[in-house]
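Note that ligands are numbered from 1 as they come in the structure, with each ligand's atoms numbered from 1 the same way. All values below come from the heavy atoms of this structure, side chains included, with hydrogens, waters and symmetry mates left out. Numbering starts at 1 and runs along the sequence shown.
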Amino acid sequence: MSRVYNFSAGPSMLPEKVLQIAAGEMSDYRDSGMSVMEMSHRSAVYEGIIQDAQAVLRSVMQIPDDYQVLFLQGGATTQFSAVPLNLLRHSGNADYVISGQFSQKAYEEAKRYGDIRILASGRDNNFLRIPQVEVADIRPDADYVHICLNNTIFGSKFAKIPDTGSIPLVADVSSCILSEPIDVSRFGLLYAGAQKNMGPAGLTVVIVREDLIGKAREITPIMLDYKVAADNHSMYNTPPCYAIYICKLVLEWIRDDIGGLDKMAEINKRKAGKLYNFIDSSRLFTAPVEVDSRSMMNVAFVTGDAELDRRFCLEAERRGLVNLKGHRSVGGMRASIYNAMPEAGVDALITFMKEFETSCSK
Ligand SMILES: *Cc1c(COP(=O)(O)O)cnc(C)c1O
């Protein structure tokens, strides 16, 4: 069987090495006589796995000691509710930046719990540019500011972390976590669904500063209360055991095979750079997102002709370049080139795009 280059926005490719290790350990994990899927989450063997996962994440991301790392369930979408329930702890106000569909959804959900205002929006620019955030526009009594750091659907990203002064900054980093080093201390809370850049679906990672924990609303469901999760080391109930195990393997791959996040960023910059460079020099394809707002993980591009876009995706698929269709709400194409997409996959895509362009101009 030959593997395809899978440009899906998520769930997405995993490093082949990780899949091989998991396959080797599938039915007998390190002489335990059982699969990780069959283990009690309270067993010593599993304790080792979840502790390692946390330790490697802490070291790879250089997470400061005053932050808790939580392994949760429910996807990033559940955090759209958990964040306001836990963090609207004083004024009940929060300011949201709308830079795409997921931040819009986060905003809509938060409105159910407090006085939520739009701080800045990219809607007027059809989300092709990241909106400017001015610290002076933030309500001084806001409990937090929420952003989505990388917009998976439109393929845009904050080039710089916005300055929110003393107001805690909360960021959805589902589609850019582990793609490059990030200064965790600039944030009050980071959250990510694992299925883009960390592992399989089912695991959600929350990294939260300790002083923000413990003030959840009375009505907060127990499974959404960060304090309960923190006090119980992410094992108040059964955690997503197998997803955490694969995440641990992915983190070890970043640490040992790639050489850490600086190296990861170097590779990702090179991959995205060559793809954007080709698109910008192409007569057929264009990348609609403005240059300084472009994502390194999700590269959106179009031909300008929906029928041609459709043909492109179809022919790409025959070449083993799959899931290039843009999000149903945006159209065109989107190449998600997360950490696990080999550089050879990007090269193969560019080669095919060149051929397609030539065949169209005949
Ligand atoms: C995929 C994604 C989500 C939704 O994640 P789920 O885990 O499916 O809830 C939210 N935000 C961003 C930025 C995403 O990329």
For the pair [X] (side chain) and [Y] (backbone), establish whether a donor and an acceptor sit closer than 3.5 Å, ignoring hydrogens and angles.
| X | Y | value |
| --- | --- | --- |
| Asn125 | Ile130 | no |
| Tyr245 | Pro240 | no |
| Asn151 | Lys157 | no |
| Ser103 | Ser99 | yes |

Which of the numbered atoms in ligand 1 are below 4.0 angstrom from a heavy atom of [X]?
| X | answer |
| --- | --- |
| Cys148 | 13 (C) |
| Thr77 | 4 (C), 6 (P), 9 (O) |
| Gly75 | 7 (O), 9 (O) |

(request) Could you label the plane-to-plane angle of the Phe285 and Phe312 rings as parallel, tilted or perpendicular, counting under 30° as parallel and over 60° as perpendicular? (result)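 Perpendicular: the ring planes of Phe285 and Phe312 meet at over 60°.
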Tell me which protein heavy atom sits closest to [atom], plus the residue, atom name and distance to 0.1 Å.
| atom | result |
| --- | --- |
| atom 15 (O) of ligand 1 | Thr152 OG1, 2.4 Å |
| atom 14 (C) of ligand 1 | Lys196 NZ, 2.8 Å |
| atom 5 (O) of ligand 1 | Ala76 CB, 3.5 Å |
| atom 4 (C) of ligand 1 | Phe102 CE2, 3.6 Å |

(request) Check each heavy atom of Gln195 against ligand 1 and say whether those closer than 4.0 Å belong to the side chain, the backbone, both or neither. (result)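 The answer is the side chain.
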(message) Residue-level breakdown please: for Asp172 versus ligand 1, do any non-hydrogen atoms fall below 4.0 Å on the side chain, on the backbone, on both, or on neither?
(response)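 Side chain only; the backbone of Asp172 stays clear of ligand 1.
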(message) Please check whether Asn150 reaches ligand 1 - meaning an N/O of the residue sits under 3.5 Å from an N/O of the ligand, judged on distance alone.
(response)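 So ligand 1 has no N or O lying under 3.5 Å from an N or O of Asn150.
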(request) Report yes or no: does Gly10 have a heavy atom closer than 4.0 Å to ligand 1? (result)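 It does not; every heavy atom stays at 4.0 Å or beyond.
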(request) Can you see which heavy atom on Phe127 is nearest to which on Ile98, and at what distance? (result)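 Scanning both residues, the minimum pair turns out to be CE2-O, 3.8 Å.
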(message) For the residue pair Lys196 and Phe102, would you count it as a cation-pi contact if the rule is NZ or CZ under 6.0 angstrom from the ring centre and within 45 degrees of the ring axis?
(response)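 Because its charged atom sits under 6.0 Å from the ring centre and within 45° of the axis, Lys196 does stack over Phe102.
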(message) Do Val173 and Asn150 make a side-chain contact, defined as non-hydrogen atoms from C-beta onward lying under 4.5 Å apart?
(response)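 In short, these two side chains do not touch, never coming nearer than 4.5 Å.
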